[in-house]
Structures are given as C-alpha cells and as structure tokens.
S.K.: 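Supplied in structure tokens, the structure appears directly below.
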Amino acid sequence: MRRGPQIVAHTVILATGVSYRTLDVPGLAELTGRGVFYGSAATEAPSCSGSDVYIVGGANSAGQAAVYFSRYASRVHLVVRGENLAQSMSAYLIEQIESIPRIQVHTMTEVTAGHGTEHLEGLTLRDRATGQARDVDASWLFVFIGAEPHTSWLDGLVERDTQGFVVTGPDLVVGGKRPKGWRLDRDPYHLETSVSGVFAAGDVRANSVKRVASAVGEGAMAVTLVHRYLEAQ
Ligand SMILES: Cc1cc2nc3c(=O)[nH]c(=O)nc-3n(C[C@H](O)[C@H](O)[C@H](O)COP(=O)(O)OP(=O)(O)OC[C@H]3O[C@@H](n4cnc5c(N)ncnc54)[C@H](O)[C@@H]3O)c2cc1C
C-alpha cells in the first residue's frame, strides 16, 4: 500500500460512512435517484402514493421499508431471492408483513433488468425456481441488500464487529471487561473506540441509526468527547 504524508494527532474522529451494495443488473445504474433508490429513502414515500412499490431484500431493513411504504403505496412488492423470509428476517417483522394485505412477498425472485428513460418505468423479474422472466410496470424500486463500512484500513487497529462497523462505548465492555489493550482507569466514552482518544460517529459506527440527523448529532457529540478527553490528558 502506498503511504502518503503522516499527520500526528492527539485524537481522531472516524466518520467514513458506508457504501450501499448496489444491484448489478442492466438499466438500474442510470435510473438511480430517478425511481431507483438504495438504503433509506423515507423522503420519497409521499411521492409513491397510489403507486406500486418494489422493494428488494430479505432482511429487516427491507421488511421495515415494506411496512413503512405500505402506508403510502397501493401495493408493496417485496422481492426476495430466498425460499422464505424466516431465513433472514425477525419473526415479529414477518408477522407484521403478513398482517398487511397490501404487501405481497415474492420469494425465489430476483430483479434482472430495469427499464425507463427519464424515470423508472418497469422491471424484469425472474422466478429462480422455474427460470421464467416477466416484465412488470414499476416506477419505484428501493433496494436494501446491505451496506459495507469503509473500515478495511482500520484492520487490527480498532475493534470492529463481524460486518466491519466500528464498535464504541458500552458495547466494548463485555462482562465488565474493558477492551483488549485499554490502559485508562475508566470505561470508553460513549463514542470512543477500543483505542482511547479515537472516536467514531455516524454510519460507520456499529449499531448507529443510519440517518442524517443522528450522524450529525453524533459528530457534535464526538467533538464534545474529544474536548473531555483532551482536558483529562
Ligand atoms: C440513497 C440514500 C438515501 C438516504 N436517505 C436518507 C433520508 O431520507 N433520511 C436520512 O436521514 N438518511 C438518509 N440516508 C442515510 C444518510 O445519508 C446517512 O445516514 C448519513 O449520510 C451518514 O453520515 P456519515 O457522515 O456517517 O457518512 P457519509 O455521509 O457516508 O460520509 C462519509 C464521508 O467519508 C468519506 N470517506 C470514506 N472513507 C474515507 C477515508 N478513508 N478517508 C477520508 N474520507 C473518507 C466518504 O467519501 C464520505 O464523504 C440515505 C442514504 C442513502 C445512501
């Protein structure tokens, strides 16, 4: 790896966010932001009033989105690659989805193409069991197939969870034990990582809310904690 100039600092705030995994199928990249959205896009919900909404993903984020969009859309189609939702979604959410007649779950189904010029107009869906493809009219597609934090460069430096998100504060103290290598006579501050003086804020942080307001709030809080840390040095 090429090394750039080095900067010496007493504290660091990590705020490198995440990249949302994208659906690599023809026609969708050009329509991103024009009917095709990745991750949370609650602001678009009122625009979907009275339309069919397609949601891709089988985990909780997709399920929560399906419930949310069902308040606006005439029908929500949840497109899932697996045989059922139980493999990847919490039971309470599955029950909620089953109780909303407007939500239709399409298991063993994948999106293989997007169509449209100025805005999304249609999708091609493929039945993974039979291989049969069909075209549907669709103006709205929300994709929830996971997010990857930008933390590979932190490997071996600060503690990360199994998905690579940076662990902070109380989550670092397990069974009353402070993180490995921790030398201070106090627990890590709320947004502090396993290395004292290094803080994390926003989407990159494990268990963060993944919303603009919370990322901004955490950034402000991290600055306050930096001051507290520096004053104690
Ligand atoms: C399509 C979409 C729609 C969304 N809609 C909403 C919404 O309606 N409402 C809402 O509240 N939230 C929404 N979100 C979520 C919201 O955008 C995030 O929660 C928020 O932006 C997180 O802020 P952040 O500062 O943690 O990360 P980011 O905003 O992702 O910023 C991280 C920055 O760090 C930079 N970076 C990464 N690695 C490095 C590095 N090694 N060195 C230097 N810089 C680096 C990145 O380039 C980026 O500029 C949406 C997200 C997406 C993707």
Side-chain angles (χ1 to χ4, degrees), residues 1-9 11-25 27-49 53-57 59-73 76 79 111 114 116 119-120 138-161 163-169 171 190-193 195 198-226:
M1 186 174 65
R2 197 174 72 83
R3 280 177 193 273
Q6 292 188 11
I7 300 171
V8 177
T11 64
V12 176
I13 299 175
L14 305 170
T16 48
V18 300
S19 292
Y20 287 87
R21 283 194 203 112
T22 53
L23 260 187
D24 189 18
V25 302
L28 288 190
E30 303 85 313
L31 295 168
T32 301
R34 290 184 287 147
V36 178
F37 296 89
Y38 289 91
S40 167
T43 47
E44 301 301 326
S47 312
C48 304
S49 270
V53 165
Y54 284 78
I55 294 175
V56 174
N60 282 4
S61 54
Q64 283 156 358
V67 171
Y68 181 75
F69 279 100
S70 70
R71 292 185 215 140
Y72 299 87
V76 174
V79 179
V111 173
H119 197 274
L120 179 70
S139 308
W140 302 100
L141 173 70
F142 298 90
V143 183
F144 295 83
I145 52 174
E148 283 169 27
H150 301 139
T151 59
S152 54
W153 59 286
L154 293 168
D155 193 28
L157 293 173
V158 301
E159 197 171 314
R160 296 180 298 154
D161 70 9
Q163 292 167 300
F165 291 92
V166 176
V167 184
T168 56
D171 293 341
H190 192 67
L191 300 178
E192 200 168 22
T193 69
V195 177
V198 178
F199 298 83
D203 283 10
V204 75
R205 200 176 66 78
N207 301 321
S208 65
V209 180
K210 314 284 184 283
R211 289 288 181 278
V212 169
S214 54
V216 171
E218 287 188 9
M221 191 173 156
V223 171
T224 304
L225 294 174
V226 162

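Order of appearance sets the numbers: ligands from 1, and atoms from 1 within every ligand. Remember, predicted model here, so these are calculated numbers, not experimental data.
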S.K.: Describe, in one word, how the ring planes of Phe142 and Trp140 are oriented to each other, choosing from parallel (under 30°), tilted (30 to 60°) and perpendicular (over 60°).
M.R.: parallel
S.K.: Taking only heavy atoms of Ala15, which atoms of ligand 1 are found under 4.0 Å from at least one of them?
M.R.: 32 (C), 33 (C), 34 (O)
S.K.: With atoms numbered from 1 as shown, which atoms in ligand 1 lie under 4.0 angstrom from a non-hydrogen atom of Gly202?
M.R.: 26 (O)
S.K.: Looking at Lys210, which atoms of ligand 1 are within less than 4.0 Å of one of its heavy atoms?
M.R.: 15 (C), 19 (O)
S.K.: At less than 4.0 angstrom from any non-hydrogen atom of Asp203, what atoms of ligand 1 do you find?
M.R.: 18 (C), 19 (O), 20 (C), 22 (C), 26 (O)
S.K.: May I ask you to identify, for Tyr38, whether its side chain, its backbone, both or neither come under 4.0 Å of ligand 1 on a heavy-atom basis?
M.R.: backbone
S.K.: Would Leu157 and Val195 satisfy side-chain contact (heavy atoms from CB on, under 4.5 Å), going step by step from the backbone distance to the final call?
M.R.: CA-CA 8 Å; Leu157 293 173; Val195 177; 5.7 Å; no
S.K.: Please test Ile55 against Phe69 for side-chain contact (heavy atoms from CB on, under 4.5 Å), starting from the C-alpha separation and ending with a verdict.
M.R.: CA-CA 9 Å; Ile55 294 175; Phe69 279 100; 4.0 Å; yes
S.K.: Of Ser152, Ala215, Gly17, Gly219, which has the heavy atom at the shortest distance from atom 27 (O) of ligand 1?
M.R.: Gly17
S.K.: Give the numbers and elements of all ligand 1 atoms closer than 4.0 Å to a heavy atom of Val212.
M.R.: 10 (C), 11 (O), 12 (N), 16 (C), 19 (O)
S.K.: Counting heavy atoms only, name the option from Leu14, Val36, Thr16 that's nearest to atom 36 (N) of ligand 1.
M.R.: Thr16
S.K.: Step by step, would you call Val143 with Tyr20 a side-chain contact (heavy atoms from CB on, under 4.5 Å)?
M.R.: CA-CA 9 Å; Val143 183; Tyr20 287 87; over 6 Å; no
S.K.: Assess Lys210 against Phe165: is NZ or CZ under 6.0 Å from the centre of the six-membered ring, and within 45 degrees of the ring's axis?
M.R.: yes
S.K.: Using a 4.0 Å heavy-atom cut-off, say whether His150 meets ligand 1 through its side chain, its backbone, both or neither.
M.R.: side chain
S.K.: Glu218 side chain to Gly202 main-chain N or O, any donor-acceptor pair under 3.5 Å?
M.R.: yes
S.K.: Answer yes or no: does an N/O atom from Tyr20 fall short of 3.5 Å to an N/O atom of ligand 1?
M.R.: no
S.K.: Could you check Leu23 against Tyr38 for side-chain contact (heavy atoms from CB on, under 4.5 Å), going step by step and ending with a plain yes or no?
M.R.: CA-CA 9 Å; Leu23 260 187; Tyr38 289 91; 3.8 Å; yes
